[in-house]
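Worksheet for the structure shown next.
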Amino acid sequence: MKQRHIIGHYFTGYADWALKGLEYRKQEEGGHFSSRYAEENYNFWIEVRRVFDEYTATLSPEIIKMEHDHYKHRKPFGECYNIVAPTAKIQEVNNELNRLAKSIEQPERIKQIN
């Protein structure tokens, strides 16, 4: 999965949705997964949430809303430059988000998703 998709899934709420579904499946299967692929997916989304939650906790609510609007509503970052934050700060945040997404270990099946 590409970095921008991982970031987009985090800010649109897909990561939360996927994690809740996997947690429900785990409960239905007696507290553990019967499929190693489900367990790999579960661990991947846990790591995505952990990594991005730690980083976004350091960001202002305005920047988090800007990221959400960009990924959920396709609002260009250019509309936020020097309004939400200085251009350099927005670029720094986006570079860090890309770096964090790249640092997350992806199971082989998830790597294949475009």
Side-chain angles (χ1 to χ4, degrees):
M1 184 180 306
K2 294 180 181 176
Q3 296 141 335
R4 63 185 167 97
H5 291 138
I6 295 171
I7 298 166
H9 288 333
Y10 176 78
F11 282 106
T12 60
Y14 177 85
D16 292 333
W17 176 81
L19 198 51
K20 285 178 186 173
L22 288 164
E23 286 171 347
Y24 178 77
R25 181 175 175 184
K26 185 176 180 180
Q27 288 176 350
E28 290 292 309
E29 295 178 358
H32 65 282
F33 293 108
S34 59
S35 162
R36 75 178 175 97
Y37 301 119
E39 187 166 357
E40 287 175 354
N41 283 343
Y42 180 75
N43 292 335
F44 171 73
W45 291 115
I46 288 281
E47 184 66 4
V48 168
R49 287 272 316 274
R50 183 192 68 76
V51 167
F52 285 115
D53 282 353
E54 286 178 6
Y55 180 65
T56 57
T58 66
L59 300 176
S60 71
E62 294 83 11
I63 290 180
I64 293 171
K65 182 175 180 347
M66 175 197 68
E67 294 288 344
H68 175 267
D69 289 346
H70 174 76
Y71 288 103
K72 183 128 186 171
H73 305 294
R74 305 281 189 228
K75 185 176 179 183
F77 287 123
E79 292 181 16
C80 302
Y81 289 160
N82 297 321
I83 296 169
V84 171
T87 301
K89 175 65 177 172
I90 293 172
Q91 290 173 340
E92 177 186 318
V93 167
N94 288 327
N95 288 340
E96 183 63 13
L97 288 170
N98 281 313
R99 188 192 68 73
L100 290 171
K102 190 175 186 176
S103 74
I104 296 170
E105 181 75 29
Q106 295 185 42
E108 203 56 45
R109 290 173 59 106
I110 292 178
K111 282 182 188 177
Q112 298 171 1
I113 298 171
N114 288 330

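Side chains included, hydrogens not; waters and symmetry mates left out as well; all remaining heavy atoms used.
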Residue pair Tyr81, Gln91: steps toward the side chain to side chain contact (heavy atoms under 4.5 Å, CB included) verdict: CA-CA 9 Å; Tyr81 289 160; Gln91 290 173 340; 4.1 Å; yes
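Linking Ile, Leu, Val, Met, Phe, Trp and Tyr residues whenever their side-chain heavy atoms come within less than 4.5 Å places Ile64 and Phe52 in a single cluster. The cluster map of Ile, Leu, Val, Met, Phe, Trp and Tyr, joined by side-chain heavy atoms under 4.5 Å apart, puts Leu22 and Ile46 in the same cluster. In the hydrophobic cluster analysis, where Ile, Leu, Val, Met, Phe, Trp and Tyr join through side-chain heavy atoms closer than 4.5 angstrom, Tyr37 is grouped apart from Met1.
Between Trp45 and Tyr14, the angle of the ring planes goes over 60°, which puts this pair in the perpendicular group of the 30/60° scheme.
Side-chain contact between Leu19 and Arg49 is present, with at least one heavy-atom pair separated by less than 4.5 Å. Phe77 places a side-chain heavy atom less than 4.5 Å from the side chain of Glu67.
Classification of Glu96 and Arg99 as a salt-bridged pair holds, one side-chain N sitting under 4.0 Å from a carboxylate O. Using a 4.0 Å cut-off between charged side-chain N and carboxylate O, Asp16 and Lys20 make no salt bridge.
Residues Tyr10 and Ala15 share a closest heavy-atom pair of CA-CB, 4.1 Å. Cys80 and Met66 get closest at one heavy-atom pair: SG-CG, 3.4 Å. Taking both residues in full, the closest heavy atoms of Gln106 and Lys111 are given as O-CE, 3.2 Å, listed atom of the first, atom of the second, then distance.
Remark: of the listed residues Thr56, Thr58, Ile63, Ile63 is the sole one forming a side chain to side chain contact (heavy atoms under 4.5 Å, CB included) with Ser60.
Residues satisfying the salt bridge (charged side-chain N to carboxylate O under 4.0 Å, His left out) criterion with Glu23, sequence neighbours excluded, are absent altogether. For the salt bridge (charged side-chain N to carboxylate O under 4.0 Å, His left out) test, no residue two or more places apart in sequence or in another chain qualifies with Glu105.
Atom-to-atom distance recorded for Ile7:CD1 and Thr12:OG1 is 11.5 Å, nearest 0.5 angstrom. To the nearest 0.5 angstrom, Phe33 atom CZ is 11.0 Å from Glu40 atom CD. Separating the OG1 atom in Thr87 from the CD atom in Glu92 is a distance of 12.5 Å, to the nearest 0.5 Å. In this structure, the separation between CZ on Arg50 and CD1 on Ile104 is 8.0 Å, given to the nearest 0.5 Å. Considering CG of Leu97 and CZ of Phe11, their distance stands at 5.0 Å, rounded to 0.5 Å. Rounding to the nearest 0.5 Å places CZ of Arg109 at 13.5 Å from CZ of Phe44.
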